[in-house]
Amino acid sequence: MNNPPRPFALAIHGGAGVIERDQLSAVEEASIRADLDAALEAGRSILANGGSALDAVEAAVVALEESPRFNAGKGSVYNADGKHELDASIMEGQTRRAGAVAGVETIRNPVRLARAVMEQSPHVMMIGAGAERFADAQPQIERVANHWFDTDTRRAQLDQEQTRERTEAGDESLRGKYFGTVGAVALDSQGNLAAATSTGGMTNKRYGRVGDSPLIGAGTWADERCAVSGTGWGEFFIRNAVAHDIAARMAYGGATLAAAAEAVILQRVPELGGDGGAIAVDRDGNIAMPFSTAGMYRGWIATDGSRGTAIFLQGD
Ligand code: ASP
């Protein structure tokens with residue numbers, strides 16, 4: 001007799017930040033939720049057919065990168081030079097293999113290149129011109145001109161930020177200038193975990209700035225216990241090794257997934273002055289999605305098949 005299929009779980013985020021309820025029109029909100037749902041579906045169809053957590057997180061993140069509504073792939077924010085520099089990473093729990101790219105400018109789906117670094121190179125992370133050169137030898141990696149990532153919304157955000165910087169001289173803080181980084185975490189029916197994260201970074205970031213999203217242990221982590229993808233003020237996520245700290249609290253301290261994720265996101269990061277959120281799943285399929293910002297675009301499919309999307313703190 002065949003064993004019944006083991007349950008799977010999936011969670012995604014489309015970024016944490018200042019998401020004001022009254023500034024989000026019903027039409028925009030519906031489009032965002034539809035895009036979150038399409039990303040969930042991309043991951044679900046793989047997991048439901050016995051596919052791997054790694055394939056599922058990659059597919060979900062590609063779907064979010066393709067949406068102009070999130071700050072990853074199409075719709076990425078602009079740096080201070082009016083260009084886009086994209087970062088992404090991916091990690092597989094049971095093998096602890098990982099791949100990452102930072103500061104890439106012509107890669108339509110940076111998470112795919114991160115996976116290629118993991119599988120087709122002896123390295124974990126490649127950056128800028130070198131990563132682009134590596135991509136030249138990867139026919140499956142689609143290239144686009146940098147302006148392909150442009151959107152009017154992100155351009156307006158850059159203009160607004162640069163005006164603010166001129167009028168509030170000396171304040172180069174990136175506070176509150178993010179939302180839309182995307183990520184996915186999954187548990188597959190084999191019991192394996194994976195995580196992936198992709199971003200355009202933060203609006204008006206200085207050329208060459210790299211945040212937490214492509215850094216294994218800061219923005220992304222997966223091991224045999226849990227998988228984590230973060231979003232928020234990247235400098236603080238790096239300084240707190242956020243994704244790995246969540247895993248370490250479970251491994252060394254015996255914390256539950258929820259307690260570990262909440263301690264790091266709701267206490268450690270704010271204590272230093274940062275904010276943001278994370279999604280995480282453990283090997284039993286528990287899901288945690290804490291955030292300290294006004295909102296976080298997110299979606300989930302639990303082990304019992306229940307499914308949803310949410311934006312605000314109240315869970316709606
Ligand atoms: N964490 C990202 C970064 O600092 C931004 C975000 O999550 O929206 O690049």
Side-chain angles (χ1 to χ4, degrees), residues 12-15 35 39 42-43 54-79 83-92 97-121 123-151 154 178-185 194-203 205 207-216 218-222 229-231 234 237-238 243:
I12 59 170
H13 69 76
D35 288 356
L54 189 67
D55 285 342
V57 295
E58 181 186 0
V61 167
V62 166
L64 294 165
E65 286 176 339
E66 287 293 304
S67 165
R69 296 183 180 84
F70 304 106
N71 170 23
K74 179 78 181 171
S76 283
V77 298
Y78 291 79
N79 69 6
K83 284 175 39 179
H84 309 277
E85 293 177 326
L86 281 50
D87 307 329
S89 61
I90 190 162
M91 187 165 186
E92 182 178 57
R97 291 189 306 164
V101 293
V104 294
E105 298 183 3
T106 71
I107 311 298
R108 177 167 173 156
N109 298 111
V111 73
R112 284 204 206 282
L113 188 60
R115 182 159 178 182
V117 170
M118 177 173 110
E119 292 180 335
Q120 312 294 333
S121 90
H123 307 305
V124 168
M125 184 170 200
M126 298 181 79
I127 64 162
E132 301 273 349
R133 228 168 105 186
F134 170 71
D136 292 345
Q138 304 291 324
Q140 79 283 16
I141 299 296
E142 191 173 339
R143 312 297 280 275
V144 290
N146 194 252
H147 63 74
W148 183 85
F149 299 109
D150 289 357
T151 53
R154 299 297 183 202
Y178 49 86
F179 38 75
T181 286
V182 309
V185 294
T197 310
S198 181
T199 189
M202 293 175 83
T203 299
K205 65 182 180 181
Y207 19 82
R209 178 266 188 188
V210 176
D212 59 310
S213 307
L215 298 184
I216 297 302
T220 301
W221 181 261
S229 170
T231 167
F237 277 55
I238 296 171

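Model, not experiment: these values are computed from the prediction.
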Pair T197-S89, side-chain donor/acceptor within less than 3.5 Å: no
Under 3.5 Å side-chain donor-acceptor pair for T181 and T199: yes
Using modelled atom types only, decide if a donor and an acceptor are shared between the side chain of [X] and the backbone of [Y] within a distance under 3.5 Å.
{"X": "H84", "Y": "N79", "answer": "no"}
{"X": "N71", "Y": "G200", "answer": "yes"}
{"X": "K205", "Y": "Y78", "answer": "no"}
{"X": "E85", "Y": "G208", "answer": "yes"}
{"X": "R154", "Y": "G75", "answer": "yes"}

When rounded to the nearest 0.5 angstrom, what is the spacing between [atom1] in [X] and [atom2] in [Y]?
{"X": "L113", "Y": "E142", "atom1": "CG", "atom2": "CD", "value": "13.0 Å"}
{"X": "Q120", "Y": "F134", "atom1": "CD", "atom2": "CZ", "value": "6.5 Å"}
{"X": "L54", "Y": "R115", "atom1": "CG", "atom2": "CZ", "value": "4.0 Å"}
{"X": "E58", "Y": "S198", "atom1": "CD", "atom2": "OG", "value": "11.0 Å"}
{"X": "W221", "Y": "L215", "atom1": "CH2", "atom2": "CG", "value": "12.5 Å"}

Test: R108 and E65 ion pair at under 4.0 Å: no
Carboxylate-amine/guanidinium contact R209 D87, below 4.0 Å: no
Taking all heavy atoms of [X] and all of [Y], pick out the closest pair and write down the distance.
{"X": "G234", "Y": "D212", "result": "CA-OD1, 3.1 Å"}
{"X": "A135", "Y": "I107", "result": "CB-CD1, 3.6 Å"}
{"X": "V104", "Y": "A131", "result": "CG1-CB, 3.6 Å"}
{"X": "A42", "Y": "A63", "result": "CB-CB, 4.4 Å"}
{"X": "A184", "Y": "I12", "result": "CB-CG2, 3.9 Å"}
{"X": "A196", "Y": "I90", "result": "CB-CG1, 3.9 Å"}

Within the structure provided, determine whether [X] and [Y] are in side-chain contact (heavy-atom separation under 4.5 Å).
{"X": "V57", "Y": "M91", "result": "no"}
{"X": "E105", "Y": "E132", "result": "yes"}
{"X": "T151", "Y": "K74", "result": "yes"}
{"X": "R143", "Y": "D136", "result": "yes"}
{"X": "E66", "Y": "N109", "result": "yes"}

The single option from V117, I127, L86 passing side chain to side chain contact (heavy atoms under 4.5 Å, CB included) against V101: V117
